[in-house]
Amino acid sequence: MEIFDYEDIQLIPNKCVINSRSEADTTVDLGGRSFKIPVVPANMATVINDDLAKWLAGNGYFYIMHRFEPEQRRHFIETMHANQLFASISVGVKPSEHDFIDALADDNLVPEYITIDIAHGHADSVIEMIKHIKVALPDSFVIAGNVATPAAVRDLENAGADATKVGVGPGKACITKVKTGFGTGGWQLAAVRWCAKAARKPIIADGGVRTNGDIAKSIRFGATMVMIGSMLAGHQESPGNILKIDGKTYKQYYGSASETQKGEHKNVEGKQMLVPYRGHLADTLNEMQEDLQSSISYAGGRDLKAITKCDYVVVKNSIYNGD
Ligand SMILES: NC(=O)C1=CN([C@@H]2O[C@H](COP(=O)(O)OP(=O)(O)OC[C@H]3O[C@@H](n4cnc5c(N)ncnc54)[C@H](OP(=O)(O)O)[C@@H]3O)[C@@H](O)[C@H]2O)C=CC1
Ligand SMILES: Nc1nc2c(ncn2[C@@H]2O[C@H](COP(=O)(O)O)[C@@H](O)[C@H]2O)c(=O)[nH]1
């Protein structure tokens, strides 16, 4: 297998066939809905909250609500549905989560998307949860993760997952690589490619995206959707307060397995940090869309499919040389 990461790859331009980048179509389908761009904010407590979920769903973006206020999820689904918006929630795998799914089914409260969100998603516990959801809530689109190998993708798909999420340890707030020695940190893009070759259903590339160009690279190597944490934290609308330090403005970003999130120092695999304040989320998402439209034009096509076909070179760490 060829090993590389985002910064090692450059995509090679093809002849342009459109007259304006505005003609390039960045939309993507997932679970029977069409979304403006193939980007989903990470289901982390410093990236998404109820208000953002409503705004994203109402403005043509995919979202996944985090699972760190478990008792709020039922109300969240009801509120989204009352506003005619799709509900997309996260669950874990503990027995109480099986009970939660049963309770939703009993009340015919059906989230359109359910993401099973644990660190080591290639696990019997996840396979059992997928099967449980598929029996109790067969109309929910199930995303399962996180995983790092084709074998994991196949096992979760065979259990009934409608999409899998790839990425163990490449995240900005992640310390899995140093704490455990495992993961896709440093070769996340190659892992996405490896997994996508085995996948029969959509893959969500999760973690390690540091520039807008990395979104196009994820698509090139087989991702249908790209999950982004640190680059989509730090906005006016992001959870948390704006902090001013030495005249600079920041917001807090912390890992879902950090001590800050867990409230105790147990099985910690995440850290907390400050990310620069970035203004309004809508502006960042618009810029991602514009940059993807440019990517499509460089790929020589009219939509995201063109990016999946373009050639590339591996030039180790080349794009930052000379900057
Ligand atoms: N994408 C990534 O690289 C990573 C993401 N995270 C994020 O952190 C959050 C917390 O994750 P997580 O700790 O899994 O969630 P939980 O604390 O809910 O753990 C899920 C379940 O899996 C068990 N479990 C967790 N890790 C392992 C393992 N390595 N081997 C066997 N069993 C395990 C836990 O038991 P027990 O606690 O008793 O072990 C628990 O029963 C999630 O949002 C996750 O996405 C965390 C690390 C890496
Ligand atoms: N190893 C850990 N990974 C984590 C933790 N919390 C979240 N995550 C993963 O990171 C991505 C976001 O990555 P980014 O590079 O875009 O910032 C997120 O979607 C999770 O998969 C954690 O505590 N430890």
Side-chain angles (χ1 to χ4, degrees), residues 5-7 39-48 62-70 89-98 100 115-129 143-149 152 164-189 191-192 195 203-212 214-215 218 223 225-235 238 251-276 278 284 288:
D5 213 339
Y6 287 104
E7 68 269 25
V39 168
V40 56
N43 49 344
M44 299 168 68
T46 48
V47 179
I48 181 103
F62 185 46
Y63 79 91
I64 303 174
M65 185 57 188
H66 66 73
R67 66 175 170 92
F68 303 111
E69 289 171 334
I89 62 161
S90 300
V91 297
V93 293
K94 292 180 179 164
S96 56
E97 295 292 79
H98 286 247
F100 170 62
T115 296
I116 304 170
D117 169 42
I118 72 164
H120 188 12
H122 194 189
D124 284 337
S125 60
V126 172
I127 288 169
E128 283 158 21
M129 188 48 133
I143 300 167
N146 273 24
V147 298
T149 62
T164 53
K165 199 143 67 68
V166 175
V168 175
K172 184 102 169 176
C174 167
I175 53 172
T176 297
K177 187 170 67 172
V178 287
K179 292 267 282 182
T180 72
F182 281 81
T184 60
W187 62 289
Q188 165 68 1
L189 189 57
V192 168
C195 290
I203 289 237
I204 301 178
D206 179 14
V209 166
R210 301 287 172 263
T211 67
N212 288 357
D214 294 346
I215 300 166
S218 304
M225 187 70 81
V226 185
M227 178 169 266
I228 299 180
S230 52
M231 279 177 62
L232 292 178
H235 290 87
S238 308
K251 283 191 109 166
Q252 197 184 26
Y253 179 58
Y254 52 79
S256 304
S258 65
E259 190 170 343
T260 314
Q261 177 66 67
K262 291 183 162 208
E264 60 175 342
H265 194 86
K266 188 165 189 304
N267 299 125
V268 166
E269 287 185 29
K271 60 185 177 185
Q272 73 152 314
M273 61 183 69
L274 297 177
V275 291
R278 299 172 67 116
T284 297
M288 283 179 174

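Just follow the structure's listing: the first ligand is 1, and inside any ligand the first atom is 1. This is a predicted model, so every value here is computed, not measured.
Considering backbone and side-chain atoms together, Asp117 places an N or O closer than 3.5 Å to an N or O of ligand 1. Close N/O approach between Asn43 and ligand 2 is not found [any backbone or side-chain N/O within under 3.5 Å]. Distances between N or O atoms of Ala257 and those of ligand 2 include at least one value under 3.5 Å. Below 3.5 Å of separation, one finds no N or O of Lys165 facing any N or O of ligand 2. At least one N or O atom of Gly229, backbone or side chain, sits closer than 3.5 Å to an N or O atom of ligand 2. Taking distance alone, with nitrogen or oxygen atoms compared against 3.5 Å, Val168 stays at or beyond that limit from ligand 1. Checked by distance only, ligand 1 and Cys174 stay at 3.5 Å or farther apart across all their nitrogen or oxygen atoms.
Taking a distance limit of 4.0 Å, we find that atom 8 (O) of ligand 1 is approached by some protein heavy atom. Taking a distance limit of 4.0 Å, we find that atom 8 (N) of ligand 2 is approached by no protein heavy atom. Atom 20 (C) of ligand 2 is approached by the protein to below 4.0 angstrom, counting heavy atoms only. By the definition of a contact as any protein heavy atom under 4.0 Å away, atom 47 (C) of ligand 1 is in contact.
Scanning the protein for heavy atoms near atom 21 (C) of ligand 1, the closest one is Val93 CG2, 3.6 Å. At the top of the distance list for atom 17 (O) of ligand 1, counting protein heavy atoms only, stands Lys94 NZ, 4.2 Å. For atom 27 (C) of ligand 1, the closest heavy atom belonging to the protein is His120 CB, 4.5 Å. Here the protein heavy atom with the shortest distance to atom 18 (O) of ligand 1 is Arg67 NH2, 3.1 Å. Protein heavy atom at the shortest distance from atom 22 (O) of ligand 1 is Ile118 CD1, 3.9 Å. Counting only heavy atoms of the protein, atom 37 (O) of ligand 1 lies nearest to Asn267 OD1, 4.0 Å. When only non-hydrogen protein atoms are considered, atom 13 (O) of ligand 1 lies nearest to Lys262 NZ, 4.2 Å. Here the protein heavy atom with the shortest distance to atom 11 (O) of ligand 1 is Ala119 N, 3.7 Å.
Under 4.0 Å from ligand 2, not a single heavy atom of Lys271 appears. With a heavy-atom cut-off of 4.0 Å, Met231 does not touch ligand 2 at all.
Those atoms of ligand 1 that come under 4.0 Å of a heavy atom in Gly169, given as number and element, are 2 (C), 3 (O). Heavy-atom proximity to Gly207, at under 4.0 Å, picks out these atoms of ligand 2: 13 (O), 15 (O). Atom numbering of ligand 2 starts at 1 in the shown order; those under 4.0 Å from a heavy atom of Ala42 are 19 (O). Each of the following atoms of ligand 1 lies closer than 4.0 Å to a heavy atom of Glu269: 47 (C). The ligand atoms of ligand 2 that sit less than 4.0 angstrom from a heavy atom of Ile228 are 16 (O). Close contacts between ligand 2 and Met227 involve ligand atoms 19 (O) [criterion: under 4.0 Å to a heavy atom]. Taking a cut-off of under 4.0 Å to the non-hydrogen atoms of Thr176, the atoms of ligand 2 that pass are 1 (N), 2 (C). Those atoms of ligand 1 that come under 4.0 Å of a heavy atom in Phe68, given as number and element, are 43 (O). The ligand atoms of ligand 2 that sit less than 4.0 angstrom from a heavy atom of Met44 are 6 (N), 7 (C), 18 (C). Less than 4.0 angstrom separates some heavy atom of Asn146 from each of these atoms of ligand 2: 21 (O). Contact atoms of ligand 1 toward Thr176: 47 (C), 48 (C) (distance under 4.0 Å to a heavy atom of the residue). Taking every heavy atom of Gly167 and a limit of under 4.0 angstrom, the matching atoms of ligand 1 come to 1 (N), 2 (C), 3 (O). Numbered from 1 in the order shown, with element, the atoms of ligand 2 that lie under 4.0 Å from a heavy atom of Tyr253 read 12 (C), 13 (O), 14 (P), 17 (O).
The closest donor-acceptor contact from the side chain of Lys172 to the backbone of Met231 lies at 3.5 Å or more, if one exists at all. For the pair Ser238 (side chain) and Val47 (backbone), a donor-acceptor distance under 3.5 Å is absent. Proximity of a side-chain donor or acceptor of Asn146 to a complementary backbone N or O of Gly167 within less than 3.5 Å is detected. One N or O on the side chain of His235 and one on the backbone of Ala233 form a donor-acceptor pair closer than 3.5 Å. Although no hydrogens or angles enter the test, the distance criterion places a donor-acceptor pair under 3.5 Å between the side chain of Arg67 and the main chain of Asp117. Between the side chain of Glu269 and the main chain of Ala257, no donor-acceptor pair closer than 3.5 Å is present. Proximity of a side-chain donor or acceptor of Thr115 to a complementary backbone N or O of Ser90 within less than 3.5 Å is not detected.
Heavy atoms only, all atoms of each residue included: Tyr63 and Ile48 are closest at CB-CD1, 4.0 Å. The two atoms that bring Tyr253 and Ala173 nearest to each other are CE2-CB, 3.8 Å, heavy atoms only. Across every non-hydrogen atom of Thr184 and Ala148, the tightest pair is CG2-CB, 3.6 Å. Minimum interatomic distance between Ala144 and Val126 (heavy atoms only, all atoms of both residues): CB-CG1, 4.1 Å. A pairwise comparison of heavy atoms in Tyr6 and Ser218 identifies OH-OG, 2.9 Å as the closest pair. In plain terms, the two heavy atoms of Ile118 and Gly92 that are nearest each other are CG2-CA, 4.3 Å.
Residues Ile116 and Val93 meet the side-chain proximity criterion, which asks for heavy atoms closer than 4.5 Å. At a threshold of 4.5 Å between non-hydrogen side-chain atoms, the residues Asn43 and Lys165 count as touching. Looking only at side-chain heavy atoms (C-beta outward), His265 and Lys262 stay at 4.5 Å or farther from each other. Residues Met288 and Leu232 form a side-chain contact, since some pair of their non-hydrogen atoms from C-beta on lies under 4.5 Å apart. Side-chain contact between His122 and Val168 is absent, with no heavy atoms from C-beta onward closer than 4.5 Å.
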(request) Kindly determine whether Cys195 and Thr164 satisfy side chain to side chain contact (heavy atoms under 4.5 Å, CB included), including the steps that lead there. (result) CA-CA 9 Å; Cys195 290; Thr164 53; over 6 Å; no
(message) side chain to side chain contact (heavy atoms under 4.5 Å, CB included) for Leu189 and Asp214? Distances and angles first, verdict last.
(response) CA-CA 9 Å; Leu189 189 57; Asp214 294 346; over 6 Å; no
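Residue contacts with ligand 1 include Ser256, since one or more of its heavy atoms lies under 4.0 Å from the ligand. Residue Gly208 places a heavy atom less than 4.0 Å from ligand 2. Distances shorter than 4.0 angstrom do not occur between any heavy atom of Lys266 and any atom of ligand 1. Assignment of Tyr254 to the shell around ligand 2 is not supported, since no heavy atom sits closer than 4.0 Å.
Considering CG of Asn267 and CD of Glu259, their distance stands at 12.0 Å, rounded to 0.5 Å.
Side chains of Gln261 and Ser256: no donor on one and acceptor on the other come within 3.5 Å.
When Cys174, Pro41, Ser256 are ranked by how near their heavy atoms come to atom 5 (C) of ligand 2, first place goes to Ser256.
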